[in-house]
*Asks:* 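Structure provided below as structure tokens; questions to follow.
In this chain, residues are counted from 1 in sequence order. Worth knowing before you read on, the calculation uses all heavy atoms, side chains too, and leaves out hydrogens, waters and symmetry mates. Just so you know, ligand 1 is whichever comes first in the structure, and atom 1 is the first atom listed for that ligand.
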Amino acid sequence: MLLMNPGPVTLTERVRHSLLQPDLCHRENEFFDLQDEVRSGLLTVYALHPSEWAAALITGSGTAAVESMITSLLPAAGRVLIIINGVYGERIQNICERYQIPAAALSFDYLKPLSLDAIRARLQTGFTEQRFSHVAVIHHETTIGRLNDLRAIADLCGEYGAQLLVDAVSSFGAEQICFEHSCLSAVACTANKCLHGVPGVSFVIARRAVVAKALCRTYYLDLVRLIGAQDRRNTPFTPAVHAYYALAETLREFAEEGGREARHRRYTALADQVKRGLSLLGINATIPESQSSVVLRSYNLPEEISYSVLHARLKAVGFIIYAGQASPGFSTGSSSNALRFFRISTMGSIESTDISRFLRHIEELIYGGRS
Ligand SMILES: *Cc1c(COP(=O)(O)O)cnc(C)c1O
């Protein structure tokens, strides 16, 4: 089965085999060597210096990393502006509500680019007559495949004295991230999207200076304790050891294949192949390519076929595609509209020949093999 859903991804055989290594006690040096390798490998993906940045490994899915970042890095007097243009932005809003973190949401039409003017105006207004200390945003909104302009948002943060917290769960490893921007405080990420690892490990990469001022509101997801213990070659809890083995292997594979830029090029070629092939069949992208990531794209479902039929037929020949995601904030209204598009991710062990086969199957489904 080939997974074209946005994580977990199809594994390479090399990564799958990496799971079959000796059992490790997480209190032994062998485990800490593995943990050290993974933590430094993650910083290497964006050439970050360990004196300035720290990677905190968390046993949990991507949402655990987002929750750890949000609940640890907002100080007691913090106020966060959450930029929402998809379900993952809504998730950050839900996290803030759950922990009663002072927050305001600024929502945008999922189908249109963010309005920097609207963000500026909201930062100008502030929150209950005070300035926002932070802005939270999703880098790649997987809901529709939109790549938000991090640098422009970080620049706005600079103008208004705010720090930026980023959900980069579905972009880390493939898209550019402006770590050099002084307003960027932290990013939350996962092993089983653009890095091609197995589910079970996520991570936050945070500026050490910011971690020093953290206020941790949760027990398990306490970023200060996680980083402190991991810096001392320790771990507070039982980690997903086998998922660490896989993450270490994916990072080796990633480096050997040429790193972040090579992964971006690889995804670009595959996404272009999908887009060209589908457009020949009259299936068009939901948003313009210039606004899309290379990781995942949304396509408008042709009139001739329902999502459930398309999904089932493709599954029968070995491909898992992903439905559109409904949301109360979705501009086009009712949740049934979400079923008028579908998503294709190019993450994981997917080759150009797989895409060609996939396109031939869709052509057969729609045109019955004629044409
Ligand atoms: C996948 C994803 C998440 C988290 O998903 P988990 O199911 O918790 O791993 C968060 N944000 C974005 C943008 C995502 O694509």
*Asks:* So does Asp36 pair up with Arg39, basic N to acidic O under 4.0 Å?
*Replies:* no
*Asks:* Are the aromatic ring centres of Phe319 and Phe358 under 6.0 angstrom apart?
*Replies:*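 Aromatic pair counts; centres sit under 6.0 Å.
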*Asks:* Ring-plane angle category for Phe179 and Phe172, please: parallel below 30°, perpendicular beyond 60°, tilted otherwise.
*Replies:*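 The arrangement is perpendicular - the two ring planes meet at more than 60°.
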*Asks:* Would you call the rings of Phe132 and Phe127 parallel, tilted or perpendicular if under 30° counts as parallel and over 60° as perpendicular?
*Replies:*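 If you compare the ring of Phe132 with that of Phe127, the planes turn out tilted.
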*Asks:* Quick one: closest heavy-atom pair of Arg263 and Ala174, and the distance?
*Replies:*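 Looking at all heavy atoms of both residues, the closest pair is CG-CB, 4.4 Å.
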*Asks:* Return the protein residues near ligand 1 (heavy atom under 4.0 Å from any of its atoms), ordered by chain and residue number.
*Replies:*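 Residue list for ligand 1: Ser61, Gly62, Thr63, Tyr88, Arg91, Ile138, His140, Thr142, Asp167, Val169, Ser170, Lys193.
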*Asks:* Look at the aromatic rings of Tyr244 and Phe31 and report parallel, tilted or perpendicular, splitting at 30° and 60°.
*Replies:* tilted
